[in-house]
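Read through the structure below, which is laid out as structure tokens, and then see the notes.
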Amino acid sequence: MAAVKACNILITGANRGLGLEMVRQLVEVPCSNRQIFACCRDPDSPKSNDLRELAKKHPGVIKNIQLDVTDEKSVKEAAKNVGPLLGKAGLNLLVNNAGMAILGDSQTSTTEDMLTTFNTNAIGSFIVTKEFMPYLRTAAKASGTPGMSCNKAAIINVSTIVASMACVHEIYTMIQAFPYNVSKAALNMMTVLTAIDCKPEEILVMALHPGWVKTDMGGDQAQIDVQESVGGMLRVMSGLTEKQHGAYMDYTGKTLPW
Ligand code: NDP
């Protein structure tokens, strides 16, 4: 089976849910010199116990990094700490996974709900992408091979099908997550624009929907478990080339309409 062979990988929101499972699956892939920078906002808190345990089992591979995507200082500090560990290889793969959802419709949602979700899901990914871009550039240059891939230099924005203007109607009648949907639609636009900016440097950028997944966010009634979702996302990521640059896909590899 194809696997993501990227050497240096950074994942935000890696202490639980999809982010943690991604670290779990990636650490099982045999890959020399791999470093996984598993970022979370509270590395020492009980909610990061599982990640700390996993990191203990894989010393030297999993590096637990403090990073709150809404706190620019924390992101800059993380970039400063991670930089020297990346060295000349740079950062091959950035997964903007951290996210949060607030329910409500256009009438019940508050300004604060809108700002909080926007700050995390849209601005958060913007700050992380901006601060780690120099390392992605280093990786793209260091690779010495033409084309695009997750093994060379890539940004994966974990999006959602409810950010799709074409797909959201039916889902919104069942689950009203107005602030969340709007913030993720902004993330989708950021994906498209960042892809345009990054094309000349051959840094792949795309948006990936993980499915409706049983996590704290997805709830128990969700359709699939984290293993299936992350297994699917990694399979999709392993096959990405310049043909999917700027794409919007789901964990099965299906292209989604914007
Ligand atoms: P969870 O709620 O299980 O986990 C969310 C993760 O994001 C946690 O690690 C959380 O950290 C982290 N996070 C939240 N805010 C911040 C912040 N300010 N800084 C750093 N980390 C933060 O969600 P999922 O694992 O289900 O979701 C992961 C991604 O997948 C999200 O972007 C979500 O929108 C997307 N998604 C999920 C779907 C699902 O069905 N589950 C469907 C479609 C998309 P902490 O523990 O500190 O709160």
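Just so you know, these numbers use all the heavy atoms, side chains as well, and skip hydrogens, waters and symmetry mates. Quick caveat, the model's predicted, so the values are computed rather than measured.
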request  = Report yes if some heavy atom in the side chain of Ile65 is under 4.5 Å from a heavy atom in the side chain of Val82; otherwise report no.
outcome  = yes
inquiry  = Can you confirm whether the side chains of Asp113 and Thr110 place a donor and an acceptor under 3.5 Å from each other?
reply    = yes
ask   = Can Ser183 and Asn121 be counted as having a side-chain donor-acceptor contact under 3.5 angstrom?
value = yes
ask   = Should we say atom CD of Gln221 is surrounded by more than 12 heavy atoms from elsewhere, each under 6.0 Å from it?
value = yes
task = Would you name the heavy atoms of Leu51 and Ala38 that are closest together and state the gap between them?
result = CD1-CB, 3.7 Å
query = What are the two closest heavy atoms between Leu136 and Ala153, and how far apart are they?
reply = O-CB, 3.6 Å
inquiry  = With a 4.5 Å cut-off on side-chain heavy atoms, are Arg34 and Asn8 touching?
reply    = no
query = Got a second to check how far Ile123's CD1 is from Leu115's CG, nearest 0.5 Å?
reply = 9.0 Å
request  = Check Ser159 against Pro210 and note the closest heavy-atom contact, atom names and distance.
outcome  = O-CD, 3.4 Å
inquiry  = I'd like to check Thr241 versus Ser149 (side-chain heavy atoms, cut-off strictly below 4.5 Å). Are they in contact?
reply    = no
message = According to ring-ring contact (aromatic ring centres under 6.0 Å, His included), does anything in residues 226-258 pair up with another residue at least two apart or in another chain? List the pairs.
response = Tyr248-Trp258
note = Heavy-atom closest pair (Leu85 atom, Gln35 atom, distance to 0.1 Å) is O-NE2, 2.8 Å
task = In sequence, state the C-alpha distance, the side-chain angles, and the governing distance for Lys47 and Asp42, and then conclude on salt bridge (Lys or Arg N to Asp or Glu O under 4.0 Å).
result = CA-CA 8 Å; Lys47 66 183 177 182; Asp42 298 313; 3.2 Å; yes
Thr12 versus Ala98, closest heavy-atom pair with distance = OG1-N, 2.9 Å
inquiry  = Under a 3.5 Å cutoff, is there a donor and acceptor pairing between the side chains of Asn157 and Ser125?
reply    = no
ask   = Given side chains that start at C-beta, do those of Leu93 and Val4 come closer than 4.5 Å, heavy atoms only?
value = yes
Exam field: side chain Thr173 to backbone Glu170, donor-acceptor pair closer than 3.5 Å = yes
inquiry  = Other residues, nucleotides and ligands only: do more than 12 of their heavy atoms fall within 6.0 Å of NZ on Lys63?
reply    = yes
query = Will you find, in the side chains of Ser48 and Asn64, an N or O donor that is under 3.5 Å from an N or O acceptor?
reply = no
query = Can you check whether Val69 reaches Thr120 side chain to side chain, under 4.5 Å on heavy atoms?
reply = yes
query = When you look at Asp216 and Arg16, which way does the salt bridge (Lys or Arg N to Asp or Glu O under 4.0 Å) test go after all the steps?
reply = CA-CA 9 Å; Asp216 292 339; Arg16 58 188 172 95; 2.8 Å; yes
task = With sequence neighbours excluded, give me every ring-ring contact (aromatic ring centres under 6.0 Å, His included) pair touching residues 162-214.
result = none
ask   = What heavy-atom pair brings Thr145 and Glu202 nearest, and what distance separates the two atoms?
value = O-OE1, 4.1 Å
ask   = Do Phe126 and Val192 belong together in a cluster built from hydrophobic side chains that touch within less than 4.5 Å?
value = no
request  = Tell me yes or no: between the side chains of Asp105 and Thr108, is some donor less than 3.5 Å from an acceptor?
outcome  = yes
key: Asn97 side chain to Gly13 backbone, donor-acceptor under 3.5 Å   = yes
